[in-house]
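If you're wondering where the values come from, they're calculated on a predicted model, not measured in any experiment. Numbered from 1 within each chain, the chains take letters A, B, ... in sequence-line order.
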Amino acid sequence: MNDKIIVTFPDDSKKEFPRGITPQEIVNQMGGRLKKEALAARTNGELIDLTRPLTGDTRLSFISFDDPEGSKIYRHSSSHIMAQAVQRLFGDAKLGIGPSIENGFYYDFDVSESFSPEDLEKIEEEMKKIIKENLPVERKELSREEALDLFRKKGEDYKLELIEELPEDEIISLYQQGEFLDLCAGPHVPSTGKIKTVKLLSLAGAYWRGDERNPMLQRIYGTSFTKQSLLQEYLDRLEEAKKRDHRKLGRELDLYSMHEEAPGFPFFHPKGMIIREELLKFWRQEHRKAGYQEIQTPIILERKLWEQSGHWEHYKENMYFTKIDDADFAVKPMNCPGAMLVYNTRMHSYREFPLRLAELGLVHRHELSGTLHGLLRVRNFTQDDAHIFMLPSQVKEEVKKVIDLIDHFYKVFGFTYHVELSTKPEKAMGSGELWEIATSALREVLEENEIPFKVNEGDGAFYGPKIDFILEDCLGRNWQCGTAQLDFQMPEKFDLSYIGEDGQRHRPVIIHRVVYGAIERFFALLIEHFGGAFPLWLAPVQVIFLPIADRHFEYARKKAAQLEEQGFRVEIDERNEKVGYKIREAQVQKIPYMLIVGDKEMENSLVAVRKRGEGDIGPQPLEALMETLINERDEKSIY
RNA sequence: GCCGACGUAGCUCAAUGGAAGAGCAGCUGACUUGUAAUCAGCAGGUUGCGGGUUCGAAUCCCAUCGUCGGCUCCA
C-alpha cells in the first residue's frame, strides 16, 4: 500500500502528503490566517475534526467561523464547555441535548434544583476557566455495548435513551475534553481554547424531547463569538430589535392595548383601527379582482354543528362554550362550518366553480396562557378566510392562484417569507389514501412552480394538509401567516354536492385559505417590519401641519382642508409650543410628512416640507406636494 | 398548561424591613415661538389582588391574577 495520499484543495491544486496526516498538520504547514481560523475540515463533502487522520486521496477544505457550518461547530463546542462547567459546579446534573442553534447554543440539564440567574454567572465564569485550560477535544469511537455501559455507569439516563434509538450500524462517537465526556456526532473544535468569548443569555424549562409527558429539564441558552466586538455587536443588534417590538410600539403609537381583564383579547385604538381598515380595504379590492365573493357567518353556532364538522372531537380543548335556552352552543374557532351551511342553501353547478366564498371571520380559540404573546398570539382574531369549492381537477390551478395572491400581498408590504408543507397529524380525520392524494397535490404545485419549501411532518390541520407562509418578527421568531389547506373531509361531513356535466351529483373539493392569516398577527408583524414607520397609505396620521405661531393657524387649516378633500388623514398641531418641540413629537410619532407654516410660507402661499427619514426638503406649493403624496399613497410606495 | 423571572403614578424607572420618590406624559399659567424637548407651578399611589410573619412590609412567606422568556432547532 502506498504511504502517500493526494489532497486536492478548493482551488483544484493538488499536493502529496504522508498517509495519516491530519488536517491540522496540513493547515499548520500552510500558515497564514487559516492556520489560526480553521475549526474543522471538509473531506469529500464530510465534516471532520482537524485531528482526524486522512487515510486516502481526498478533496480538502477548511471550515472557519465565517462559514455557516463553522459557526455551528463553534457554538456546538461552546455548548459542551457549558455542560462541562455545569457538571463541575453541579455534580448531580444529568445531560440532555446541547445543539447549536441560530446565533448560539443551548444545553438541557436535569438538576435537582433549578438554576438561578446567579448560577448562570458562576457557570459562565467556570466556562472561561475551561477555555483558559485549553483542553484538547478528542474523538473516541465505541461499540454500542461499550457506549451503553459507559453512560449507564455515569447515570446518564437521557444519553442511554439516545444511544438505544441510534440505528444498529451507526458508529457511536464520543467527545472528551478533560474530565468531561459526551455522546456526540461532532465535529468539534480541536481544543477548548479555540472559543474566544461566551455569554449565557437565558434560562428556561424545556420538556425532554419537546414532549409535555416527559420530565421538564432546565435549558440554558448562550452564544459565543470569535471576538468580543462581534458579541457586543450581536447584543446591540438584539437591543435594537427590541425597539421594534410591536408591544412597545403599539403602546407608544397608541395603536392597541391589552388588559388584565381580557387576557389574549386585544383592544384596538382609533389609530390602530385606521391601519386595520386600510388593510381590509386593500384586501377587499384585491379579492374582488381575484374572483372572490364575501359572506359573513355567526360567531356562535350550535353544538351539533361542531359535532358534525369534527371540531367537537378534534378541537374541543381550544373552544369556548355557552348555553342559550338550555341548548349547547360554541363560539367558533374556525369559519368553515358556517361557510358549509351557506354553500348548502342551494344547488350548485360545476359551471360556478371554482366558487370562492371569503369571510373576514372573528374566531375565538382557547390558547394556553403561557403561549399568549402581544398581538402575535391572541385568543380572538379575525381571519381573512375563504373557502373555495371546486372540481378535483381544478385543485392544482386554484392552489397556484392562492399562492400567487399571497405572494402579491406580501410583496406590497416588502415582506420576505418562507414556505412550509405540513403533512398528516396524529389526530387526523379521513383515510390515509385521501391524505396522500391531497399532500402530493400540494407538493406538486410547489415543485412545479419551483417554490422552495420545508416539510413539517405531522403538522397539518386535522382535516387536511397545508402550505404555510411564514414571516419573522423583530427577533427572528417564525409566525405562520398565510396558509392554503386542502380539505376532502368537510364536503363529506356536510354532504356537499354539485351537479356535474353528466347531470349527476358529485362531491366538490375545498381549499381553506387565508392571506394575512390573522389581521392581528399580520398587523403586529407589520409594526415590527416597519419599526412603526408605516408607508403613507397605512400611516394613521399621514400629514401634520406645524404652525409656528397663532397667526398661522388659519392658513394651516385652509391648507389642511385641501388635503382632506383628497382623502388624506391630516392633523394640525395647534399647541402652544415651539416648532422644535412639535417636530420632535411628530418625529417620535413617525408621521410621514410635516408641513411647517409661518410668515414666509403664508406670504408666498407655500408649505415647508419635512419628510420622515429625510428631514427638511424645502418649501413648495401644496398643489405640487399633493401630486407626490397622491402618487405615493396610491402606489403604496415603501421607502 | 409546564419551568423560570418580573409586577411601584399613564410611560420609563428609584426606594431591600423604618416617612413611597424622580424624569417624561397630564393639568394651569407665562412666553408667540423657524426644523428633534421654553420656563414656572399643580396634581397624580390601598406598591396587581387576597392572606400571613413583624412593633413596623413595596421589601420576607403563602396563595392568586397578569406580563415576559422558553418549552420547534435532535448525540
Side-chain angles (χ1 to χ4, degrees), chain A residues 72 76 79-80 83 95-108 113-117 119-120 147 151 156 158-163 165-166 170 172-175 182-186 201-221 242 245 247-248 251-252 254 257-264 317 366-374 420 454 456 459 470 475 477-478 546-553 575-588 594-601 608-611 615-619:
Chain A
K72 271 191 192 164
H76 191 183
S79 88
H80 276 218
L95 303 176
I97 57 169
S100 72
I101 51 175
E102 203 181 345
N103 296 321
F105 59 87
Y106 68 79
Y107 214 114
D108 288 343
E113 261 179 74
S114 42
F115 297 121
S116 69
D119 291 334
L120 237 58
F151 284 104
E156 295 285 6
Y158 301 102
K159 296 291 177 189
L160 284 175
E161 195 178 321
L162 293 172
I163 297 169
E165 284 175 23
L166 288 174
E170 183 90 358
I172 295 178
S173 57
L174 306 175
Y175 278 80
D182 194 4
L183 174 73
C184 187
L201 297 168
S202 65
L203 207 49
Y207 299 111
W208 168 238
R209 313 191 111 188
D211 189 331
E212 62 184 1
R213 289 165 301 196
N214 287 338
M216 180 162 271
L217 309 182
Q218 298 291 314
R219 175 171 297 179
I220 303 177
Y221 285 93
K242 282 183 191 153
D245 192 312
R247 291 167 297 188
K248 183 175 154 69
R251 184 175 52 241
E252 287 171 358
D254 198 12
S257 57
M258 301 297 290
H259 300 268
E260 220 173 285
E261 294 83 347
E317 319 79 73
H366 180 244
E367 302 293 352
L368 294 178
S369 59
T371 63
L372 301 178
H373 188 100
E420 296 183 3
K454 184 180 129 186
N456 260 339
D459 231 13
I470 317 282
L475 291 175
R477 293 176 289 213
N478 284 338
L546 309 182
I548 293 197
D550 302 6
R551 62 179 179 280
H552 310 118
F553 286 3
R575 289 177 308 172
N576 184 4
E577 294 290 351
K578 289 189 170 176
V579 73
Y581 181 89
K582 294 181 180 180
I583 286 170
R584 182 186 153 77
E585 189 107 323
Q587 194 86 26
V588 168
M594 294 176 221
L595 304 183
I596 293 143
V597 288
D599 292 336
K600 283 185 279 182
E601 287 74 22
V609 184
R610 191 180 163 101
K611 192 175 173 184
D616 190 353
I617 58 171

Q) What nucleic acid atoms does A/G104 come within less than 4.0 Å of, heavy atoms only: base, sugar-phosphate, or nothing? A) nothing
Q: With C1' as the reference atom in both, quote the distance from B/G66 to B/A19 in angstrom, rounded to an integer.
A: 31 Å
(Q) In whole Å, I'd like the distance from the NZ atom of A/K611 to the C1' atom of B/U35. (A) 17 Å
Q: Report the nucleotide, chosen from B/A75, B/G1, B/G4, that has the shortest atom-to-atom distance to any side-chain atom of A/S114.
A: B/G4
Q. Picking from B/C3, B/C74, B/G66, which would you name as closest to the side chain of A/R209?
A. B/C74
Q) Under 4.0 angstrom, heavy atoms only, what part of the nucleic acid is A/E261 near: base, sugar-phosphate, or nothing? A) nothing
**Q.** RNA chain B: 5'-proximal contact among A/E601 and A/L162 (nearest heavy atom)
**A.** A/E601
Q.
Could you tell me how far apart A/E577 (CD) and B/A30 (C1') are, to the nearest whole angstrom?
A. 12 Å
(Q) Measuring from atom CH2 of A/W208 to atom CZ of A/R213, what distance do you get when rounded to the nearest 0.5 angstrom? (A) 15.0 Å
(Q) What is the separation between atom CG on A/L217 and atom P on B/G4, rounded to the nearest whole Å? (A) 13 Å
Q. Paired with B/U35 by Watson-Crick or G-U wobble geometry, both distances under 3.5 Å: which nucleotide is it?
A. none
Q: Pick base, sugar-phosphate or nothing for A/A206, based on heavy-atom distances below 4.0 Å to the nucleic acid.
A: sugar-phosphate
(Q) How long is the straight-line distance from CG of A/N214 back to OH of A/Y158, given to the nearest 0.5 Å? (A) 8.0 Å
Q. With both distances under 3.5 Å as the test, what is the Watson-Crick or G-U wobble partner of B/U46?
A. none
**Q.** Presence of A/S202 side-chain N/O under 4.0 Å of B/G69 phosphate oxygens OP1/OP2
**A.** no
Q: Quick one: label A/Q587 by what it contacts on the DNA or RNA (base, sugar-phosphate, nothing), any heavy atom closer than 4.0 Å.
A: base
Q: Tell me what A/R477 touches on the nucleic acid: a base, only sugar-phosphate, or nothing, going by heavy atoms under 4.0 Å.
A: sugar-phosphate
(Q) Please report the distance, rounded to the nearest Å, between CD in A/E585 and P in B/G26. (A) 7 Å
**Q.** A/E252 CD - B/A36 P separation (whole Å)
**A.** 20 Å
Q: Classify the side chain of A/E367 versus the base of B/G1 as yes if they form a donor-acceptor pair under 3.5 Å and no if they do not.
A: no
Q. Roughly how far, to the nearest 0.5 Å, is the NE2 atom of A/H552 from the NZ atom of A/K600?
A. 10.5 Å
(Q) Taking only the C1' atom of each, what is the distance from B/C55 to B/G45 in whole angstrom? (A) 25 Å
(Q) Check this one for me: any side-chain N or O of A/H76 less than 4.0 Å away from OP1 or OP2 of B/A75? (A) no
Q.
Classify A/K582 by what it touches in the nucleic acid, base, sugar-phosphate, or nothing, heavy-atom distance under 4.0 Å.
A. nothing
Q | A/E113 atom CD, neighbour heavy-atom count above 12 within 6.0 Å | A | no
(Q) Can you tell me if A/K72 has over 12 outside heavy atoms packed within less than 6.0 Å of its NZ? (A) no
Q.
Looking at B/A5, which nucleotide sits across from it as a Watson-Crick or G-U wobble partner, both distances under 3.5 angstrom, or is there none?
A. B/U67
Q. Between B/C68 and A/R247, is there an OP1 or OP2 to side-chain N/O distance shorter than 4.0 Å?
A. yes
Q) Nearest of B/A36, B/G7, B/G34 to any side-chain atom of A/I548? A) B/G34
Q: Measure the spacing between CD of A/E156 and CG of A/D182 and express it to the nearest 0.5 Å.
A: 7.5 Å
Q. Would you say a side-chain N or O of A/Y221 is under 4.0 Å from OP1 or OP2 of B/C71?
A. yes
Q | Gap between atoms CZ and C1', on A/R584 and B/A37 respectively (whole Å) | A | 5 Å
**Q.** C1' spacing across the pair B/U8 / B/A15, given as an integer number of angstrom
**A.** 9 Å
Q. So what's B/G21 paired with, Watson-Crick or G-U wobble, going by both distances under 3.5 Å?
A. B/C13
Q. Side chain of A/Q218: nearest nucleotide among B/U35, B/U38, B/C3?
A. B/C3
Q | Inter-nucleotide C1' distance (B/G4, B/G56), Å rounded | A | 32 Å
Q.
Students often get this wrong, so: under 4.0 angstrom with heavy atoms, is A/A608 touching a base, only sugar-phosphate, or nothing?
A. base
Q: With rounding to the nearest 0.5 Å, note down the distance linking CZ in A/F105 to CD1 in A/I220.
A: 9.0 Å
Q: Let me know the distance between NE2 of A/H259 and C1' of B/G48, rounded to the nearest Å.
A: 15 Å
(Q) Regarding A/F115, tell me which of base, sugar-phosphate or nothing describes its non-hydrogen contacts under 4.0 Å with the strands shown. (A) nothing
Q | Residue A/R251, side-chain atoms from C-beta onward, closest of B/C11, B/A36, B/G7 | A | B/C11
Q: Side chain of A/I97 only, please: which of B/C3, B/C71, B/C74 is the nearest?
A: B/C74
Q.
What's the separation between atom CG in A/N103 and atom CG in A/L475, rounded to the nearest 0.5 Å?
A. 10.5 Å
Q: Classify the nucleic acid contact of A/G580 as base, sugar-phosphate or nothing, counting any heavy atom under 4.0 Å across all strands shown.
A: sugar-phosphate
**Q.** Given RNA chain B, 5'-ward residue of the pair A/A262 and A/D182, judged by closest heavy atom
**A.** A/A262
Q | Selection from B/C73, B/G34, B/U67 that lies nearest to any side-chain heavy atom of A/P263 | A | B/U67
Q. When all nucleic acid strands are considered with a 4.0 Å heavy-atom cut-off, which category describes A/T371: base, sugar-phosphate, or nothing?
A. base
**Q.** For B/A40, the Watson-Crick or wobble counterpart (both distances under 3.5 Å)
**A.** B/U28
**Q.** Complementary nucleotide of B/C73, counting Watson-Crick and G-U pairs under 3.5 Å
**A.** none
Q) Side chain of A/Y207: nearest nucleotide among B/C2, B/G70, B/C11? A) B/C2
Q. Roughly how far apart, to the nearest Å, are B/G21 and B/A63 at atom P?
A. 32 Å
Q: Specify the separation, in whole Å, of atom CG of A/L546 and atom P of B/U32.
A: 20 Å
Q) With rounding to whole Å, what would you report as the distance between B/G7 and B/U59 at their C1' atoms? A) 14 Å
Q. Heavy atoms under 4.0 Å, any strand shown: does A/N456 hit a base, just sugar-phosphate, or nothing?
A. nothing
Q. If we take the P atom in both B/A30 and B/U35, what is their distance in whole Å?
A. 25 Å
Q.
Closest approach to the side chain of A/R610, judged atom by atom: which nucleotide of B/C73, B/U35, B/U32 is it?
A. B/U35
Q. Is there a side-chain contact between A/L595 and A/V609, using heavy atoms and a 4.5 Å cut-off?
A. yes
Q. When you check the gap from the basic side-chain N to the acidic O, do A/E165 and A/R209 get nearer than 4.0 Å?
A. yes
Q.
Taking the P atom in each of B/G51 and B/G17, what is the distance between them to the nearest angstrom?
A. 24 Å
Q. So what does A/L372 touch, heavy atoms closer than 4.0 Å: a base, only the sugar-phosphate, or nothing?
A. sugar-phosphate
Q: Please determine, for the side chain of A/V579, which listed nucleotide (B/G69, B/U35, B/A37) has the closest atom?
A: B/U35
Q. Between A/Y107 and B/C73, does any side-chain N or O lie under 4.0 Å from OP1 or OP2?
A. no
